Undergrad: 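Shown below is the structure under consideration.
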Amino acid sequence: MLLISCPVCGVEGDETEFRYGGAAHIERPASLDPENISDEAQRDYLFIRKNPCGLHFERWVCARGCGKWFHAARDTMTLEFKAFYAITDQPPKLAEGAPAGPKGRGGRT
Amino acid sequence: MQRYSIFTLARNAANYHKGWGRAWRSAEPRAQYDVIIIGAGGHGLATAYYLAKEHNITSVAVVEKGWLGGGNTGRNTTIIRSNYLQDESAAIYQLAHRLYEGLSQELNFNIMFSPRGLMMLCQTEHELRSMTRNAHANRLFGIESRMISPKQVKKKVPIINMSAGVRYPVLGALYQPRGGTARHDAVAWGYARGADMRGVDIIQNCEVTGISVARGRVNAVETTKGRIRASKVAIVTAGNTTRLTDMAGLRMPIESVALQALVSEPIKPVLDVVIMANTVHGYISQSDKGELVIGGGTDDYNNYSQRGSFPALQHTVTALVETFPIISRLKMLRQWAGIVDMTGDRSPIISKTDVAGLFVNCGWGTGGFKSIPGSGFVFADTIANDRPHPIAEPFSIDRFLEGRFVDESVAAGVAH
């Protein structure tokens, strides 16, 4: 079970008190140039995901607390949270040294 | 490789079963193959089998980082059905279902296919209507599938709770009499044996670490057992698809999440059909050993760890306890998770890619097991002829660019 702390109201709780909002920092092309969006840009926005095995930047909402959205950095292999940061912030620079998924040997099938 | 029959059984019985040989070779990689398939799960092995059998391409390697059938093929709830709403889906799942029906004979390996009947419960008025629509669509497509009344449900499933005042009353069910289950491991083993018999090399404990692309064309894969050259490479790695496509510089419309299942302690036979309850997110069947096999919806968040979260499990079990009060005192024996690859429209991707000679078969999400024979059949054809098989064509990766979806997420809800 994931343990999460909300950077807005400071409440800590398990994942049932929050709700996942998917990958973060995906730019909506329509808000930049609504007239000329290519099919590719629209596809990338809607469907293409980095889906990393390792460090993942994502959105959560403090559903049972303050109700505010925020960002989190989490390792999708160890399920460990690396950082919580505000919804308006850019992703923090994190040391990639931490095990970001198995490289070569060690990964389970 | 010996054929299994009543005579070989008798002969080996006389010899205290010491004479059985290996079912497939443990191959070491050669320097070059015509086709390399990455991933020795059901889909990869079926692809190799049909490449050899239908297209006479036997210079094929199936490389697997762990052991054969150890991923989602060994982690699912073994349900087989084809009652899908969209014609494109119905076509491929129906092909798979048909192949499953004759698979034990074809492979000379008992996959324990058990067409025991499958029910999708309708527990809201909306679900009743959408399932009725589904039944009509199935009938138009030629799939045997019909609506049955609550009374008929109770007759087939005596343990179901039909009392007044339940939160989600059973209003009827979509019934597919020929749906059922099969032994998941046996499907992988049967295909492995069949492929191996025809000369395919199955290379286990061999992880792909790179895919070599030159001038827009794939020419080799780097593995922990060295470089293997091939002009055609197929990625069939379910939840790990993105990790492989990243190596070839492709970007995929896929997210990996955990899907969990659990089994109870074995009890006497209480349930002889497969039941899916989409409104409450749970499905249940009883194995031959007597264990109740239970599955639910996926966990919410991206995950590669093959560990699920407890709340998701709790959600599934809570829902099923109301519909089947008899299971409330059962102890659960085992729980596990597999990493499934979800696409935006919840339909698979069987496709050529922007890299010539590189093919992908992924995105099966929560519905991979039931489609193994059909998926392998059309994917082998796609690889052999370097153009999509007619049944695979609607599932090409271009559909995300063109907005031409095969939208089953609306039709099937969660249990897919």
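The basis for the numbers below is simple: all heavy atoms, side chains too, and nothing from hydrogens, waters or symmetry mates. Within every chain, numbering begins at 1; the chains are lettered A, B, ... in the order of the sequence lines, protein sequences first and strands thereafter. What you see is a predicted model; the values in this text were computed from it and never measured.
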Undergrad: Test B/I235 against every option in B/I36, B/V221, B/T245, B/I37 by the side chain to side chain contact (heavy atoms under 4.5 Å, CB included) rule and name the one that passes.
TA: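 Between B/I235 and the candidates, side chain to side chain contact (heavy atoms under 4.5 Å, CB included) is satisfied uniquely by B/T245.
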
Undergrad: Of the listed residues (A/K50, A/E58, A/E40), which shares the most heavy-atom pairs with chain B below a 4.5 Å separation?
TA: A/E40

Undergrad: Check B/Y301 against A/L79 and note the closest heavy-atom contact, atom names and distance.
TA: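 Heavy atoms only, the tightest pair is CE1-CD2, 4.5 Å.
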
Undergrad: Under 4.5 Å, heavy atom to heavy atom: which of residues 11-26 of chain A reach chain B? Give them by number, or say none.
TA: A/E15, A/T16, A/Y20, A/A23

Undergrad: For B/Q260 and B/D299, which I'm curious about, is there any donor-acceptor pair between the side chains at under 3.5 Å?
TA: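 Yes - a donor-acceptor pair under 3.5 Å links their side chains.
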
Undergrad: Tell me, out of A/Q42, A/R43, A/H56, who's got the most heavy-atom pairs with chain B below 4.5 Å.
TA: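 Most pairs with chain B among the choices: A/R43.
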
Undergrad: Is there a donor in the side chain of B/N361 and an acceptor in the side chain of B/T47, or the other way round, less than 3.5 Å apart?
TA: no

Undergrad: Picking from B/N240, B/D341, B/T242, what satisfies side chain to side chain donor-acceptor pair (under 3.5 Å) with A/N51?
TA: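 Of the listed options, the one satisfying the test is B/T242.
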
Undergrad: Is there a donor-acceptor contact under 3.5 Å from the side chain of B/T223 to the main chain of B/E207?
TA: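 Side chain of B/T223 to backbone of B/E207, a donor-acceptor pair under 3.5 Å: no, none is there.
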
Undergrad: Considering only heavy atoms and a distance below 4.5 Å, find which of B/G308, B/P311, B/A238, B/G74 pairs most often with chain A.
TA: B/P311

Undergrad: Say whether, by atom type as modelled, one donor and one acceptor occur between the side chain of B/R75 and the main chain of B/A337 under 3.5 angstrom.
TA: yes

Undergrad: Among the options B/T241, B/N303, B/D246, pick out the one with the most heavy-atom pairs lying under 4.5 Å from chain A.
TA: B/N303

Undergrad: Distance-only, no hydrogens or angles: does the A/H71 side chain make a donor-acceptor pair with backbone N or O of A/A86 under 3.5 Å?
TA: yes

